[in-house]
Amino acid sequence: MNISRRKALAFGGAALTVTLVPVSFAQAASEEVMKAAVDAFTGGAAIAEGGIELTTPEIAENGNTVPVAISAPGAKRVILLASGNPNPGVADFAFGALAAGNGSTRIRLAGTQDVVAIAEMADGSFAQVAKAVKVTIGGCGG
Amino acid sequence: MGKPRVKVPKSAGAGDTITIKTLMKHKMESGQRKDKDGNKIPRKIINFFSATFNGEEVMSVNLHGAVSTNPFIQFDMTVPTTGDLAFKWVDDDGTVTETSKTIKVS
């Protein structure tokens with residue numbers, strides 16, 4: 001049997017793709033899951049930019065504890081989503097009349113990704129902000 | 001669940017904005033990790049936190065598996081009068097941990 005170098009490379013490449021795809025699929029939430037999480041919060045309403053601030057480090061050395069802060073004065077609710085995690089939901093904040101509309105916590109990020117915060121304002125409108133965070137070591141175990 | 005740590009100013013002026021810091025000792029097992037035999041470790045996290053001032057909810061948070069071990073939550077609030085700020089954490093297994101601090105308005 002005579003296998004050319006070209007054929008061998010093509011076969012190897014195909015096998016590599018097949019084994020890699022399911023792994024990456026299990027790691028990060030698909031775009032549909034992310035969209036479903038957003039729609040569950042907004043009910044499909046239009047989302048504006050601005051009116052909400054999200055503070056994240058540009059580079060997080062350890063994905064297990066990434067400090068994040070949200071600030072949306074006058075917001076009723078704010079959700080925090082991690083687009084590249086197996087489950088996009090991170091934390092849902094609800095604010096009463098005495099709250100200043102801000103909060104900070106520490107979160108886990110599976111890898112480099114966009115962190116998204118969406119606020120529901122007192123008048124029922126929605127505002128969104130997204131920040132890219134580079135993660136050196138992922139924080140979802142394995 | 002472990003013992004919660006909260007940092008609340010003892011006194012404030014009426015209408016002042018104060019910063020509250022809370023830290024709860026908890027493993028926050030995300031449900032994503034596997035043990036050495038490859039079985040998924042079941043999720044066990046604190047799924048709810050709330051802060052209530054004199055019976056009025058100031059803020060609450062629904063936490064998911066992506067919140068780090070020993071969940072830290074910080075927020076700002078306005079103090080209208082002297083009163084008690086009560087904190088509550090709820091575990092996946094139903095355990096509720098509560099603590100409360102008094103803020104004096106001078």
Side-chain angles (χ1 to χ4, degrees), chain A residues 26-29 33 37 40-41 55 60 62-111 113 115-116 133 135 138-142, chain B residues 12 14-24 26-36 38-41 43 45-81 83 85-86 103 105:
Chain A
Q27 270 290 318
V33 177
F41 181 67
T55 313
N62 182 355
N64 269 315
T65 53
V66 183
V68 295
I70 49 131
S71 176
K76 281 194 293 187
R77 294 188 299 158
V78 174
I79 58 165
L80 196 59
L81 301 169
S83 59
N85 275 8
N87 298 316
V90 176
D92 321 328
F93 296 82
F95 299 110
L98 293 176
N102 69 350
S104 50
T105 184
R106 296 177 189 144
I107 67 171
R108 294 181 178 130
L109 296 175
Q113 58 181 281
V115 177
V116 181
V133 182
V135 177
C140 276
Chain B
D16 277 4
T17 301
I18 56 169
T19 300
I20 315 291
K21 289 180 181 178
T22 74
L23 187 75
M24 177 54 126
H26 195 285
K27 212 172 165 196
M28 295 295 275
E29 190 59 62
S30 68
Q32 299 291 335
R33 296 200 311 152
K34 288 173 182 155
D35 62 19
K36 50 181 188 293
N39 304 313
K40 270 204 172 171
I41 304 170
R43 187 184 104 150
I45 64 169
I46 289 168
N47 58 42
F48 183 78
F49 164 84
S50 74
T52 310
F53 187 74
N54 284 350
E56 182 191 344
E57 184 169 288
V58 177
M59 66 99 75
S60 69
V61 189
N62 284 308
L63 308 165
H64 302 281
V67 175
S68 300
T69 307
N70 301 337
F72 162 84
I73 294 168
Q74 178 186 327
F75 61 94
D76 292 345
M77 66 172 283
T78 315
V79 199
T81 56
L85 187 60
I103 305 167
V105 168

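Chain identifiers are assigned alphabetically (A, B, ...) following the order of the sequence lines, protein sequences preceding nucleic acid strands; residue numbering begins at 1 within each chain.
Between Leu98(A) atom CG and Asp76(B) atom CG the span is 12.5 Å, to the nearest 0.5 Å. The distance from the CD1 atom of Ile18(B) to the CG atom of Leu85(B) is 7.0 Å, given to the nearest 0.5 Å. Summarising the geometry, atom CG belonging to Asn102(A) is positioned 7.5 Å from atom CD belonging to Gln74(B); distances are rounded to the nearest 0.5 Å.
Checked options Val61(B), Asn62(B), Val67(B); the residue passing with Phe49(B) is Val61(B) (criterion: side chain to side chain contact (heavy atoms under 4.5 Å, CB included)). Of the candidates Phe95(A), Phe41(A), Phe93(A), Arg77(A) forms a side chain to side chain contact (heavy atoms under 4.5 Å, CB included) with just one, namely Phe41(A).
No other option in Thr17(B), Leu63(B), Thr69(B), Ile41(B) has as many heavy-atom pairs under 4.5 Å with chain A as Thr69(B). Between chain A and the options Lys21(B), Met28(B), Glu57(B), the largest number of non-hydrogen pairs under 4.5 Å is found for Met28(B). Of the listed residues (Gly31(B), Gly38(B), Ala66(B)), the greatest number of heavy-atom pairs within a distance under 4.5 Å of chain A belongs to Ala66(B). No other option in Ser104(A), Ala69(A), Pro67(A) has as many heavy-atom pairs under 4.5 Å with chain B as Ser104(A).
Contact annotation for Ser50(B): neither backbone nor side-chain heavy atoms come within less than 4.5 Å of a heavy atom of chain A. Using a 4.5 Å cut-off between heavy atoms, Ala97(A) contacts chain B through both its backbone and its side chain. There is no contact between Ile20(B) and chain A, counting heavy-atom distances below 4.5 Å.
When atom types are taken as modelled, the side chain of Ser68(B) and the backbone of Asn64(A) share a donor-acceptor pair closer than 3.5 angstrom.
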